[in-house]
Amino acid sequence: MQTPPLPDEARADMLDHDVRRSLRGLPTNLADTIARHLVATALLLDDDPAAALAHARAAADRVPRLPAVREAVGIAAYHAGEYAMALVELRAARRMDGSGHNLPLMADSERGLGRPERAIAYLRDPQAEELDPAARAEMLIVISGARRDLGQPEAAVVLLRDLATAKGAPAPWAPRLWYAYAEALLAAGRPEEAARWFTSAAAVDDNETDAAARAYEIVTGRPMPEDEGSEASVDSEVSGDSEASGDSEAAWGSEAVDSGELLDSVQALPEVIETAEVVEAADSANAGDSADPGDVAAAVVNPADSARGDSGEATERSPGPS
């Protein structure tokens, strides 16, 4: 493989301190080259994942026994859609450093390879319980998607419901969580609730997803015009009432909510809930659910309270095992 040229902006001193320290045993010139390839990987990851992967592999060709380097290859391969390679590299990194923090990426790589049942099995990994709240939320998003892949949309809803409807200020992962929850609701045949959660995701995602367009299309039955991409236009279409939209914004403006409840919700998740148990829980919950289109206007930005009103059991039940 031809070594890609190093961009000038990829400076060795930009590398994470801990990763930089792991390169100390290498000759200075080699350590500097590896550091710059890793920095280039990070810089290119979003805009040009194939180029990012080339830089990561250039580093791995030189020092294949460093876990940070193998992890970089795995992450870049995942972003480039090379899921088989991602699994190989992320597993290698895990064997070297013993960390399970990439379990969500590994599970999603299984989904990318068309093996949702293997993705779900990652939730049984003992290290899944040791994930930090952000990674744990990501794991549930992946497993919820795998449930949808298997034709189990209600199970996908149950997985995310308690975390999505937890009280408190939105966490950094809220846009992805709410988007995934909306996807599950839509797959389960609950479009009014899905529109509400797509709108909520759009309100906090800085237009990084198509959540606003998804909500608009559900509510109006037509694609969103290109000049109506703001969440404000979606709020207006969903609520049909500017006053309701204003109330929703005020709800997010409060600083009095306790965000600790959100973290507690993540950390209190059960180890594993098998498919049958998840579906049973979903069926039980649906017995008390009755989505009212009129409720959409009451919760355009923060639908959590309305969701609890629709499903009274949600605040008391832990979700099962995206």
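Nothing here was measured: the structure is a model prediction, and the numbers come from that model.
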Practice task
Check Leu53 against Ala77 and note the closest heavy-atom contact, atom names and distance.
Solution key: CD1-N, 3.8 Å
Exercise for the section: Spell out, as yes or no, whether a donor-acceptor pair under 3.5 Å connects the side chain of Thr41 to the backbone of His37. Expected result: yes
Exercise for the section: Give the cluster check for Leu90 versus Val63: same hydrophobic cluster or not, with ILVMFWY residues linked at side-chain heavy-atom distances below 4.5 Å. Expected result: no
Problem - Stepwise side-chain contact (heavy atoms from CB on, under 4.5 Å) check, Met224 with Glu217 - result: CA-CA 6 Å; Met224 174 185 284; Glu217 186 168 5; over 6 Å; no
Problem - Check: Met85 and Arg57 side chains under 4.5 Å, non-hydrogen atoms - result: yes
Practice task
May I ask you to test the Glu138-Trp173 pair for a side-chain heavy-atom distance under 4.5 Å?
Solution key: no
Problem - Side chain Arg214, main chain Ala195, donor-acceptor under 3.5 Å - result: no
Exercise for the section: Report the relative orientation of the aromatic rings in Tyr179 and Phe198; use parallel for angles under 30°, tilted for 30 to 60°, perpendicular for over 60°. Expected result: perpendicular
Practice task
Find out if a path of hydrophobic residues (ILVMFWY) with successive side-chain heavy-atom gaps under 4.5 Å connects Leu186 to Leu150.
Solution key: no
Problem - Single-linkage hydrophobic cluster Ile34~Met14, side-chain heavy atoms < 4.5 angstrom - result: yes
Exercise for the section: Dump the intermediate steps for salt bridge (Lys or Arg N to Asp or Glu O under 4.0 Å) on Glu183 and Arg190, then the final yes or no. Expected result: CA-CA 10 Å; Glu183 287 273 28; Arg190 296 153 70 174; over 6 Å; no
Problem - Minimum side-chain heavy-atom gap Tyr181-Ser200 below 4.5 Å - result: no
Fill in the blank from the handout: All heavy atoms of Ile218 vs all of Pro191, minimum pair found to be CG2-O, 3.5 Å
Problem - Inter-residue atom distance Glu89.CD - Glu82.CD, 0.5 Å rounding - result: 11.5 Å
Practice task
State the OG1-CG distance between Thr33 and Leu23, to the nearest 0.5 angstrom.
Solution key: 10.5 Å
Exercise for the section: Keeping the roles fixed (side chain from Asn102, backbone from Leu105), state whether a donor-acceptor pair exists under 3.5 Å. Expected result: no
Practice task
Please examine the side chains of Leu6 and His55, heavy atoms only from C-beta on, and report whether any two atoms are closer than 4.5 Å.
Solution key: yes
Problem - Val39-Leu30 co-clustered via ILVMFWY side chain contacts under 4.5 Å - result: yes
Exercise for the section: Measure across Ala68 and Val19 and return the closest heavy-atom pair with its distance rounded to 0.1 Å. Expected result: CB-CG1, 3.8 Å
Practice task
Apply the test side-chain contact (heavy atoms from CB on, under 4.5 Å) to residues Leu26 and Leu66: give CA-CA distance (whole Å), side-chain angles for both, the deciding distance (0.1 Å), then the verdict.
Solution key: CA-CA 11 Å; Leu26 301 175; Leu66 284 181; 4.2 Å; yes
Practice task
Would you confirm whether Asp210, through its side chain, and Ala213, through its main-chain N or O, come within 3.5 Å as a donor-acceptor pair?
Solution key: no
Exercise for the section: Report the distance from atom CD of Glu154 to atom CZ of Arg148, rounding to the nearest 0.5 Å. Expected result: 12.5 Å
Exercise for the section: Might you point out which heavy atoms bring Ala60 and Val73 nearest each other, and give the distance in Å? Expected result: CB-CG2, 3.7 Å
Exercise for the section: Mind running side-chain contact (heavy atoms from CB on, under 4.5 Å) on Val69 and Met96 for me, showing each step along the way? Expected result: CA-CA 11 Å; Val69 172; Met96 293 175 183; over 6 Å; no
Exercise for the section: Decide if atom CG of Asn29 counts as having more than 12 heavy atoms of other residues, nucleotides or ligands within a radius under 6.0 Å. Expected result: no
Completion exercise
Interatomic distance, CZ@Arg147 vs CG@Leu160, rounded to 0.5 Å, equals 11.5 Å
Handout entry: hydrophobic_cluster_shared for Val88 and Leu113, side chain cutoff 4.5 Å
Key = no
Exercise for the section: Find out whether Arg94 and Leu103 are in side-chain contact, i.e. whether some heavy atom of one side chain is under 4.5 Å from a heavy atom of the other. Expected result: yes
Problem - Exercise: identify the closest heavy-atom pair between Ala182 and Trp197 - result: CB-CB, 3.8 Å
Handout entry: Validation row: His101, Gln127 side chains within 4.5 angstrom (heavy atoms)
Key = no
Handout entry: Whether Glu192 side chain and Val219 backbone form a donor-acceptor pair below 3.5 Å
Key = no
Practice task
Answer yes if the side chains of Tyr83 and Arg111 hold a donor-acceptor pair under 3.5 Å, and no otherwise.
Solution key: no
Fill in the blank from the handout: In this structure, CG of Leu15 is separated from CZ of Arg21 (nearest 0.5 Å) by 12.0 Å
Practice task
Walk me through it: do Asp32 and Arg20 pass the test side-chain contact (heavy atoms from CB on, under 4.5 Å)?
Solution key: CA-CA 9 Å; Asp32 188 71; Arg20 181 74 173 167; 4.3 Å; yes
Exercise for the section: Please indicate whether Asp18 has more than 12 foreign heavy atoms, meaning atoms of other residues, nucleotides or ligands, lying under 6.0 Å from its CG. Expected result: yes
Completion exercise
dist Leu38:CG -> Glu71:CD (nearest 0.5 Å) comes out at 10.0 Å
Problem - Thr209 side chain vs Asp205 backbone, donor-acceptor pair below 3.5 Å - result: no
Handout entry: Side chain Arg70, main chain Pro64, donor-acceptor under 3.5 Å
Key = yes
Practice task
Output yes when a side-chain donor or acceptor of Arg36 lies under 3.5 Å from a complementary backbone atom of Pro7, and no otherwise.
Solution key: yes
